Visitor: 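One structure is given below, represented as structure tokens, and several questions about it will come after.
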Amino acid sequence: MLLLLHGMPATAAPVDINADQMTRGADGVVIATGHVIIKRPSETLIADEVTYRTKEHIMEARGHVVIRSPQATIHADSAQIQTQSKTGNMQHATITMPSGERLQAENVKRIDDQRFEADHILYSTCPADEESWRIAASHALLDNENGTLTTTHPRLELWQVPVLYAPWWKQSLRRKSGLLMPSFGSGKRRGTELAVPYYFAPYANWDATLTPHWMSARGVMGEAELRHVSTFGHEKLNAAGIHDTVTGRLRGRLEADVQWQLPADTQFNISADHISDRDYLADYGGNAVVSSRYLQSSATLSQQMQVADTRTNWFLQAQHMQDLLLTSNATTLQILPRLQSSSQWQALPNLIAHFDQQTTRFDRRTGVTGWRMDLHPYIELPWESEGGGISATLSGGVRHTRYWLQQTALTNSRPTRTAEEASLEVRSDFERIGSNRDWRHVISPIFRYDYINAPNQSALPNFDSGFALVSWSNLLSGNRFSGYDRIENTNRVSMVLENRLQTRDNNSDAARDMLTVRAGAAYDISRNTVDAALKKVPIHPLSNLLGEMIWQPATGIALYGSGQYNPFDRYWSTINSYISLTGIGGNSLYAGYSFTDARYSTRTQMIYLNGSIHLKSRWQATANWQYDTLLKLSQQTTLGLQYKHPCWTAGVEAYRINRRSGTTTASNFGFRILLEFKGLGSVGS
């Protein structure tokens with residue numbers, strides 16, 4: 001039976017009542033029984049029986065009462081609600097917020113649709129059938145508008161056993177200023193440490209975290225993180241400072257991350273990371289940065305444009321570098337500023353014109369400083385056969401570089417360099433597809449010829465160039481110098497033979513590479529060098545023979561192997577291999593080995609192992625080991641164990657690092673703990 005109540009005051013919203021049986025008396029009292037559903041614009045009430053006194057605007061609901069609204073869902077044995085003021089009372093009620101928080105109480109007084117006052121409450125964010133922690137209190141005020149739960153005489157219970165009491169407790173239900181859970185730990189480098197963060201959120205678009213961090217072996221560090229968002233983008237600033245009792249001086253770190261999206265597809269980015277001294281990361285950084293060689297800070301303004309068939313992108317950048325292996329940063333090169341642009345014009349379907357340029361001012365306190373401009377116009381002639389089996393690209397251009405040096409002792413403060421270049425790359429694909437189209441086999445020979453007529457450049461300044469030994473990343477390249485200060489004098493033929501086997505389980509799946517095998521080498525027709533200090537004259541015209549294999553027999557299994565073989569001296573220059581296993585549920589194992597011969601480069605021989613395994617449904621163990629077989633030393637070892645419950649997480653990790661020592665001894669060891677309660681916060685790091 002459906003009843004629509006109208007004829008009420010103009011300010012009152014209409015009420016729809018649906019029930020198995022309904023009666024309405026002359027006094028305006030409506031009695032509904034059996035599957036009662038009352039709908040109003042702001043909420044829905046469900047009960048076994050409801051008495052609605054229309055003149056007083058009071059609803060009395062009994063039996064399996066449910067009140068649903070955007071603010072909360074309430075289950076109660078009985079309830080009395082004033083529909084105009086939205087006040088009322090509920091007995092034996094459970095209030096569930098949209099994000100999962102749950103409040104149970106013997107008696108609940110609804111002050112309005114946002115605030116509730118309750119006696120003898122239980123509060124938790126755990127699922128009802130797995131309530132491992134809760135807060136019990138004699139009285140509470142739940143304010144959905146401000147997002148707070150204020151309790152009187154609360155106690156924290158773990159598995160219904162009281163472990164902590166306070167005369168008063170205020171719990172934030174959403175983003176709000178206040179103290180966060182503390183973190184603590186112990187290690188050799190910093191001793192026992194305790195940090196108590198304070199979260200400050202005065203406005204919706206910015207907030208901050210302020211953290212005093214006490215370390216028994218170092219002193220008190222102040223840390224601050226400021227975050228802001230706007231229609232342009234976001235900014236994040238981090239600052240930390242301490243008067244170190246070990247070194248007796250002030251030390252600190254400043255970080256910044258700014259990303260703005262400006263009009264006309266223009267972007268402005270700042271990425272900054274600066275420390276007071278080279279040992280700061282070893283003393284206060286985490287495992288990920290303790291072995292860093294450089295810290296880089298930069299500010300970049302960039303834009304991408306497309307006009308008809310011409311595409312152009314440019315950026316203006318300033319960059320500052322810190323070399324953490326040097327006691328002084330005076331000789332470290334800085335870029336203040338750099339303007340780089342790249343333009344591409346599709347003149348014809350088989351003719352693409354390019355013009356690249358880079359202009360940089362290099363600066364440092366000690367050494368050569370000055371400007372460098374590099375201009376690089378070139379054209380590309382791509383071609384592809386009608387069936388697509390053969391493709392080729394012919395390119396040609398010129399590189400012109402000019403310098404304006406600011407060191408008066410130089411005999412030539414404005415040197416220049418010009419080099420003509422040409423290349424031809426041809427690729428052919430021989431393909432075979434299975435009769436059921438469930439596998440595909442492709443053999444691809446690749447041929448490339450590079451010619452660069454470059455002069456001797458040993459007298460030119462070198463700001464940012466270095467020579468890279470042959471590898472898969474530069475095998476099909478005419479110039480193996482990084483930067484713009486050096487360019488090879490090249491007359492070289494490079495060859496690669498690639499063999500790929502692809503498969504798929506059924507026609508609806510995407511094809512995956514099951515086996516990839518490739519081999520390659522380069523042959524220098526003319527052997528010379530443009531700067532013997534950076535690149536020696538090669539003894540043999542043929543490069544090392546490069547080989548690589550990737551085998552993925554099934555999803556989650558990958559075996560990799562690569563190496564370089566010197567055919568003249570008959571030794572393996574480099575060997576790299578690993579096996580990676582990833583299973584269902586996040587189980588994983590990685591085992592790797594790398595080797596470099598001293599005749600090729602700096603001798604290394606390392607073993608890498610890391611893995612993660614779920615011991616049970618909620619237990620996870622992790623391990624990481626990095627071992628130097630030459631030094632017979634474990635560079636890094638970590639062991640961790642974690643338990644994940646639906647409403648809390650506990651974990652512990654022990655570590656030992658043998659790397660750069662900072663201001664203490666060569667090794668660093670300690671442990672970290674994590675104890676996190678969903679809805680309350682976390683302890684540890």
Side-chain angles (χ1 to χ4, degrees), residues 99-102 124-134 156-161 163 180-187 286-290 503-506 509-510 512-514 550-561 576-594 606-627 634-658 668-685:
S99 53
E101 298 92 344
R102 191 177 68 259
S124 180
T125 61
C126 296
D129 57 344
E130 292 193 89
E131 191 178 73
S132 56
W133 71 266
R134 66 188 186 186
L156 175 64
E157 297 182 354
L158 301 180
W159 291 279
Q160 302 183 16
V161 177
V163 297
L180 303 178
M181 296 292 282
S183 64
F184 62 90
S186 178
N287 292 355
V289 296
V290 69
T503 185
R504 58 183 178 184
D505 298 330
N506 53 66
D509 293 341
R512 64 177 180 86
D513 289 332
M514 181 179 181
I550 307 172
W551 182 36
Q552 302 178 84
T555 303
I557 302 176
L559 287 86
Y560 175 85
N576 292 281
S577 63
Y578 69 78
I579 178 172
S580 175
L581 305 175
T582 304
I584 299 175
N587 294 329
S588 65
L589 174 65
Y590 176 92
Y593 171 79
S594 66
M606 302 290 295
I607 296 175
Y608 306 90
L609 289 173
N610 62 69
S612 174
I613 184 171
H614 284 266
L615 304 176
K616 288 186 177 180
S617 59
R618 295 175 178 174
W619 286 94
Q620 183 179 24
T622 59
N624 178 42
W625 184 50
Q626 182 178 320
Y627 183 73
S634 294
Q635 297 278 31
Q636 180 174 329
T637 305
T638 61
L639 294 172
L641 185 64
Q642 191 174 83
Y643 179 83
K644 292 186 177 182
H645 188 271
C647 64
W648 62 277
T649 300
V652 61
E653 182 185 64
Y655 64 90
R656 183 181 181 92
I657 302 172
N658 290 291
N668 182 26
F669 59 87
F671 71 91
R672 305 179 185 89
I673 66 168
L674 173 68
L675 182 59
E676 180 182 68
F677 295 96
K678 180 183 176 183
L680 287 180
S682 62
V683 177
S685 171

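All of these numbers come straight from a predicted model, not from anything done at the bench.
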Visitor: Who passes side chain to side chain contact (heavy atoms under 4.5 Å, CB included) against Y608, sequence neighbours left out?
Guide: Y590, S594, M606, Q626
Visitor: Might you point out which heavy atoms bring T637 and W625 nearest each other, and give the distance in Å?
Guide: OG1-CD1, 3.3 Å
Visitor: For A650, enumerate each residue passing the side chain to side chain contact (heavy atoms under 4.5 Å, CB included) test, keeping only those at least two apart in sequence or located in another chain.
Guide: W648, L675
Visitor: My understanding is that only residues two or more places apart in sequence, or in another chain, count here; which of them pass side chain to side chain contact (heavy atoms under 4.5 Å, CB included) with N587?
Guide: I613, H614
Visitor: Just wondering, more than 12 heavy atoms not from F669 lying within 6.0 Å of its CZ?
Guide: no
Visitor: What distance separates F671 CZ from L639 CG, expressed to the nearest 0.5 Å?
Guide: 14.5 Å
Visitor: Could you pull out the closest heavy-atom pair between Y627 and S634, with the gap in Å?
Guide: CD1-OG, 3.5 Å
Visitor: Any chance you could measure I673, atom CD1, to E653, atom CD, to the nearest 0.5 Å?
Guide: 12.5 Å
Visitor: Answer yes or no: is there a donor N or O on one side and an acceptor on the other, between the side chain of T638 and the main chain of Y655, under 3.5 Å?
Guide: no
Visitor: For the backbone of Q160 and the side chain of R134, can you confirm whether one donor and one acceptor N or O come within less than 3.5 Å of each other?
Guide: no
Visitor: Using salt bridge (Lys or Arg N to Asp or Glu O under 4.0 Å) as the criterion, list what pairs up with R512, not counting sequence neighbours.
Guide: none
Visitor: Quick one: list whatever passes side chain to side chain contact (heavy atoms under 4.5 Å, CB included) with S612, sequence neighbours left out.
Guide: S588, Q620, T622
Visitor: Working to the nearest 0.5 Å, report the span between NE2 of H645 and OG of S617.
Guide: 10.0 Å
Visitor: What residues form a ring pair (Phe, Tyr, Trp, His ring centres under 6.0 Å) with W551, not counting sequence neighbours?
Guide: none
Visitor: How about C647 and E131: do any of their side-chain heavy atoms sit closer than 4.5 Å?
Guide: no
